[in-house]
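In each ligand, atom 1 is the first atom listed, and ligand 1 is the first ligand listed.
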Amino acid sequence: MSPLPIRFGVLGTGRITRRLVADLQSTPGATVSAIASRCAHRARWAADSHGIAAAVEGYERLLSRDDVDAVYIALPPSLHHEWTLAACAAGKHILCEKPVALSAREVSEMLDAANRADVRFLDATAWLHHERTFQFRQWLRTATPQPDTALAAAKPDELFADESAAASESLGFRVGPLRHVSAAVSFLNPFQNGDHRLDRSLGGGALLDLGWYAAGMIRFATGDLPKRVYATAVMRDGIDVRVSATMRFADETTATLSCGFDTSTRKWCEIAGAEASIVCDDFTRPWADKPARSWVHEASGKVHTFTPPSELDGLTNSGGITAPVSRPSRCHQEREMISRLIGWIRTDASADVEKPWQQFHDQALQTQTLLDTIAAAIE
Ligand SMILES: NC(=O)c1ccc[n+]([C@@H]2O[C@H](COP(=O)([O-])OP(=O)(O)OC[C@H]3O[C@@H](n4cnc5c(N)ncnc54)[C@H](OP(=O)(O)O)[C@@H]3O)[C@@H](O)[C@H]2O)c1
């Protein structure tokens with residue numbers, strides 16, 4: 001008999017809930033039982049729009065409901081810390097929007113609270129759950145870090161260790177020692193009226209909002225935090241609208257980060273090793289009309305084009321040339337993310353097994369630490 005679904009309650013009725021609530025409702029093993037707003041009429045409107053049974057006025061009241069097992073925190077970043085602690089106190093599992101909080105200190109307190117309350121916590125950084133990201137991880141295994149470096153020390157703690165087990169020898173290329181990572185994420189004026197992104201007290205600014213993705217990619221690829229960071233920001237009305245940072249790691253790997261609210265859409269990364277570099281132009285989310293893909297450029301000039309296994313039937317082969325057909329990515333990263341959290345909720349944490357969420361917690365905490373360091377460097 002299949003287990004009962006995990007019942008999610010949603011905190012907030014903003015823009016992201018339009019997408020994520022549908023993703024929760026369409027993930028096997030999840031249902032959405034309630035949605036809460038500061039205003040009763042907005043809660044009612046959101047519940048009716050999404051077909052959710054309970055409309056709740058006030059976030060605290062949602063946390064006290066017996067028909068909620070887990071919460072999805074879809075509030076401005078400045079409220080993530082407060083409501084994560086409250087959810088932990090109420091014994092609810094948590095899916096929390098990015099950026100996890102305003103500082104690494106807050107993230108640390110949130111993770112400690114979740115561990116103490118024995119509830120599962122996952123940040124909603126969906127690209128980490130895409131099948132393509134597992135491929136990156138597999139390729140990064142061919143980066144052969146030098147012994148005694150911070151990178152080598154960080155590698156045993158890698159994400160997805162259990163899922164990217166395919167033999168790297170079969171790849172036909174090696175990334176070689178890691179040299180440089182660059183990541184750029186921007187959206188031109190991604191604002192609505194009164195947007196929290198333009199309000200510093202709510203956790204606004206491009207660094208927290210979009211730098212979260214770029215910093216996350218840098219931490220994902222290096223498995224480490226830099227020893228030195230240089231950064232600059234273009235400010236408008238007290239908000240960082242564009243940030244650029246360059247950094248250097250203990251093993252001499254370097255990285256650059258760019259993010260902004262005043263630049264055309266970019267969501268790309270390059271992970272450059274001595275022997276090959278991985279290039280992806282949409283790592284945060286595949287372009288709407290294209291299957292997920294990425295490229296490996298070898299030092300010789302040879303280029304490999306990759307699509308994850310689930311996309312392969314979307315390729316046409318004409319005259320020996322394989323080309324992706326025009327259709328969206330099949331791997332639904334948000335559902336993968338939600339399924340992973342549900343799997344953890346059903347895991348007995350007291351069992352003497354490695355806790356799979358630890359790797360994601362480390363990734364979240366170090367991403368926020370890197371953002372703190374960049375913010376300090378800007379100042
Ligand atoms: N993962 C992704 O792809 C993705 C994409 C977009 C956004 N996000 C993240 O999701 C979170 C929410 O973003 P959003 O774009 O949905 O924000 P939004 O449209 O501004 O909605 C935020 C919601 O929070 C509630 N809220 C409570 N106190 C508030 C306050 N003082 N000011 C404004 N709103 C307040 C409001 O709901 P009620 O008034 O109804 O309570 C509001 O609708 C952010 O952390 C953002 O970075 C993630």
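Here the rule is side chain to side chain donor-acceptor pair (under 3.5 Å) with D282, and of K267, R266, K290, R132 only R132 fits it.
Protein residues having a heavy atom under 4.0 Å from any atom of ligand 1 are G12, T13, G14, R15, I16, R19, S37, R38, R42, Y59, A74, L75, P76, P77, L79, H80, E97, K98, P99, A124, H196, R197, L202, D209, Y213, listed by chain and number.
Taking the six-membered ring wherever Trp is involved, the centroid distance between the rings of F136 and F283 does not fall below 6.0 Å. Ring centroids of F121 and H93 are separated by 6.0 Å or more, keeping the two rings apart.
Atom CG of N189 has more than 12 neighbouring heavy atoms from other residues, nucleotides or ligands inside a 6.0 Å radius.
Cluster annotation: Y59 and I16 are assigned to the same hydrophobic cluster (Ile/Leu/Val/Met/Phe/Trp/Tyr, side-chain heavy-atom contacts under 4.5 Å, transitive).
Atom CG of L257 and atom OG1 of T246 lie 10.0 Å apart (nearest 0.5 Å).
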